[in-house]
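First, the structure itself, so that you have it in front of you.
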Amino acid sequence: MRLHIVPASTGLQWARSGVRTFFRQPVAMATNFFLFLLGLTIAAMVPVIGFVLTMVLLPAATLGMMSATREAVHGRPARPANLVAAFRAGAEYTRPMLLLGALYAGGFLVALGISSLFDGGQFARAYLFEGRLDRETLGAPGVQAAMWAMVLLYLPLSMLFWHAPALVFWYRITPAKSLFFSIVACLRNVGAFTLYGIAWVGIFILGGLAVGLFTTLLLLTGVLGGADSPLAAGVAAGLMTGSAIVLAAMFFTSLYFTFIDCFVAPPPSAETTTVGSDD
């Protein structure tokens, strides 16, 4: 395995490649991402341990989206089976992936715990048990400080785990080593990742503006009736939700390109025999 140092402009190419690859198989990639969300949502509904279970499964699910992207890149159908590539490959792949997930869950909970020092745990409780932050909670003393502390703590956590699932699965290195190589790759290519993040912020903003403009045009032309009609509200909500899923699917499609440019292209692995992928 060898780390590649790429020009900062490569970050823009990663975002563009994600969008282009998504449109090679838009239905398949959108479906895979919807199933990705559905699986994590179902895991989150498990009593008591739902949140932790979701965090444990997230690295494996992310690897599944990267596996689907790999199929699309090579001109093969991206199938739902790709989402469980880590579990179809055998216990020697499943165990380290679940260990990686446990480390991620632990790191996330530690970050939440540290953020609780700023507000007595209000932000953490709202995040874990309510899933949202209302205006009243945000106005409570220390909550905004706790929120920003969580953001700052999550940045290194995300770099630790950014490449880790792919390194564990395709290179078969230990979870601990994968975390080290992942954060080194992110830090050594910080310029590319900065432009990559800026590109995706721009894509999401433009996507939201486009959907908003389209909805406004429908209202102005009377296609949806009045602005207060149930039809208008339903169509607007549907368009916003659908566009958010498509944009998020594009983003997850682009993750594969950040990996293969930071490291030598992944060699054949258990995926060759389990989900039909080969190079």
Side-chain angles (χ1 to χ4, degrees), residues 11 36-37 39-62 97-165 175-205 207-208 240-241 244-245 247-248 251-252 254-255 258:
F36 167 93
L37 287 180
L40 293 179
T41 301
I42 292 173
M45 295 170 64
V46 176
V48 183
I49 64 169
F51 177 80
V52 174
L53 181 60
T54 302
M55 294 291 101
V56 170
L57 293 176
L58 186 58
T62 303
M97 192 65 69
L98 290 179
L99 175 57
L100 189 68
L103 291 172
Y104 179 73
F108 196 92
L109 291 174
V110 168
L112 275 178
I114 294 174
S115 75
S116 298
L117 298 175
F118 294 87
D119 67 345
Q122 285 182 283
F123 170 78
R125 285 193 296 271
Y127 187 91
L128 289 174
F129 303 113
E130 299 175 20
R132 62 185 179 86
L133 290 172
D134 54 32
R135 186 172 301 177
E136 181 180 353
T137 302
L138 281 173
V143 170
Q144 291 193 18
M147 181 180 66
W148 283 111
M150 183 63 192
V151 170
L152 293 176
L153 290 169
Y154 187 73
L155 182 59
L157 183 68
S158 65
M159 289 192 291
L160 281 167
F161 287 88
W162 192 270
H163 299 296
K177 287 184 178 180
S178 75
L179 299 181
F180 171 77
F181 289 126
S182 178
I183 195 170
V184 168
C186 290
L187 292 174
R188 295 293 300 274
N189 289 301
V190 65
F193 277 100
T194 299
L195 284 184
Y196 174 73
I198 292 172
W200 275 111
V201 169
I203 290 171
F204 273 88
I205 290 175
M240 291 302 295
T241 301
I245 289 176
L247 289 170
F251 170 75
F252 273 85
S254 71
L255 296 182
T258 70

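All values below were derived from every heavy atom in this structure, side-chain atoms included, with hydrogens, water molecules and symmetry-related copies excluded. Counting from 1, the numbers follow the sequence of the chain as shown.
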Legend entry - Euclidean distance, Thr62 OG1 relative to Leu57 CG, rounded to 0.5 Å: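 Answer for the CG-OG1 pair, Leu57 versus Thr62, is 10.5 Å.
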
Inset, instruction - Write out all pairs satisfying side-chain hydrogen bond (donor to acceptor under 3.5 Å, both in side chains) with one or both partners inside residues 102-118, taking only residues at least two apart or from two chains. - result: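 Checked against side-chain hydrogen bond (donor to acceptor under 3.5 Å, both in side chains) - neighbours excluded - the pairs reaching residues 102-118 are Tyr104-Tyr154.
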
Legend entry - Side chain to side chain, His163 and Thr258, heavy atoms closer than 4.5 Å: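 They are in side-chain contact.
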
Inset, instruction - Over all heavy atoms of both residues, which pair between Leu40 and Ala61 is shortest? Give the atoms and the distance, please. - result: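 Smallest interatomic distance, heavy atoms only, reads CD2-CB, 4.4 Å.
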
Legend entry - Side-chain heavy atoms of Trp148 within contact of Phe123, under 4.5 Å: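 The answer is no; the side chains never approach within 4.5 Å.
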
Inset, instruction - Taking the side chain as every heavy atom from C-beta outward, state whether Val151 and Leu155 have any atom pair closer than 4.5 Å. - result: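 The answer is no, as the side chains (C-beta and beyond) never meet within the 4.5 Å cut-off.
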
Inset, instruction - Output, in order, the C-alpha distance, side-chain angles, deciding distance and verdict of side-chain contact (heavy atoms from CB on, under 4.5 Å) for Leu109 and Val52. - result: CA-CA 9 Å; Leu109 291 174; Val52 174; 4.1 Å; yes

Legend entry - Student check: side-chain heavy atoms of Leu157 and Leu153 closer than 4.5 Å: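 Not touching, per the 4.5 Å side-chain cut-off.
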
Legend entry - Between CD1 on residue Ile183 and OG on residue Ser178, distance to nearest 0.5 Å: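 The CD1 atom of Ile183 sits 11.5 Å away from the OG atom of Ser178.
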
Legend entry - Working for side-chain contact (heavy atoms from CB on, under 4.5 Å), residues Thr194 and Ile198: CA-CA 6 Å; Thr194 299; Ile198 292 172; 4.0 Å; yes

Legend entry - Nearest non-hydrogen partners of Met159 and Ser182, listed with the distance: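 That closest heavy-atom pairing would be O-OG, 2.6 Å.
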
Legend entry - Reported CG-to-CD1 distance for the pair Leu37 and Ile42, which is rounded to 0.5 angstrom: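 Rounded to the nearest 0.5 Å, the CG-CD1 separation comes to 11.0 Å.
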
Inset, instruction - Considering non-hydrogen atoms only, spot the tightest contact between Phe204 and Leu247 and give its length. - result: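 Where Phe204 meets Leu247 most closely, the heavy atoms are CE2-CB, 3.6 Å.
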
Inset, instruction - Would you indicate whether the side-chain heavy atoms of Leu103 and Phe161 approach each other to under 4.5 Å? - result: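 Touching, per the 4.5 Å side-chain cut-off.
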
Legend entry - Heavy-atom pair of closest approach, residues Phe193 and Ala185: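 For Phe193 and Ala185, the tightest heavy-atom pair comes out as CE1-O, 4.2 Å.
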
Legend entry - Closest contact, heavy atoms only, Pro156 versus Leu152: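 Taking Pro156 first and Leu152 second, the nearest heavy atoms are CD-O, 3.0 Å.
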
Legend entry - Heavy-atom side-chain contact between Leu255 and Trp162 under 4.5 Å: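 Sidechains of Trp162 and Leu255: in contact.
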
Legend entry - Chi angles and distances behind the side-chain contact (heavy atoms from CB on, under 4.5 Å) call for Met150, Phe108: CA-CA 9 Å; Met150 183 63 192; Phe108 196 92; 3.6 Å; yes

Inset, instruction - Walk me through it: do Leu100 and Leu179 pass the test side-chain contact (heavy atoms from CB on, under 4.5 Å)? - result: CA-CA 9 Å; Leu100 189 68; Leu179 299 181; 3.8 Å; yes

Legend entry - Contact check, side chains of Val201 and Ile205, non-hydrogen atoms, under 4.5 Å: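 Yes, side chains in contact.
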
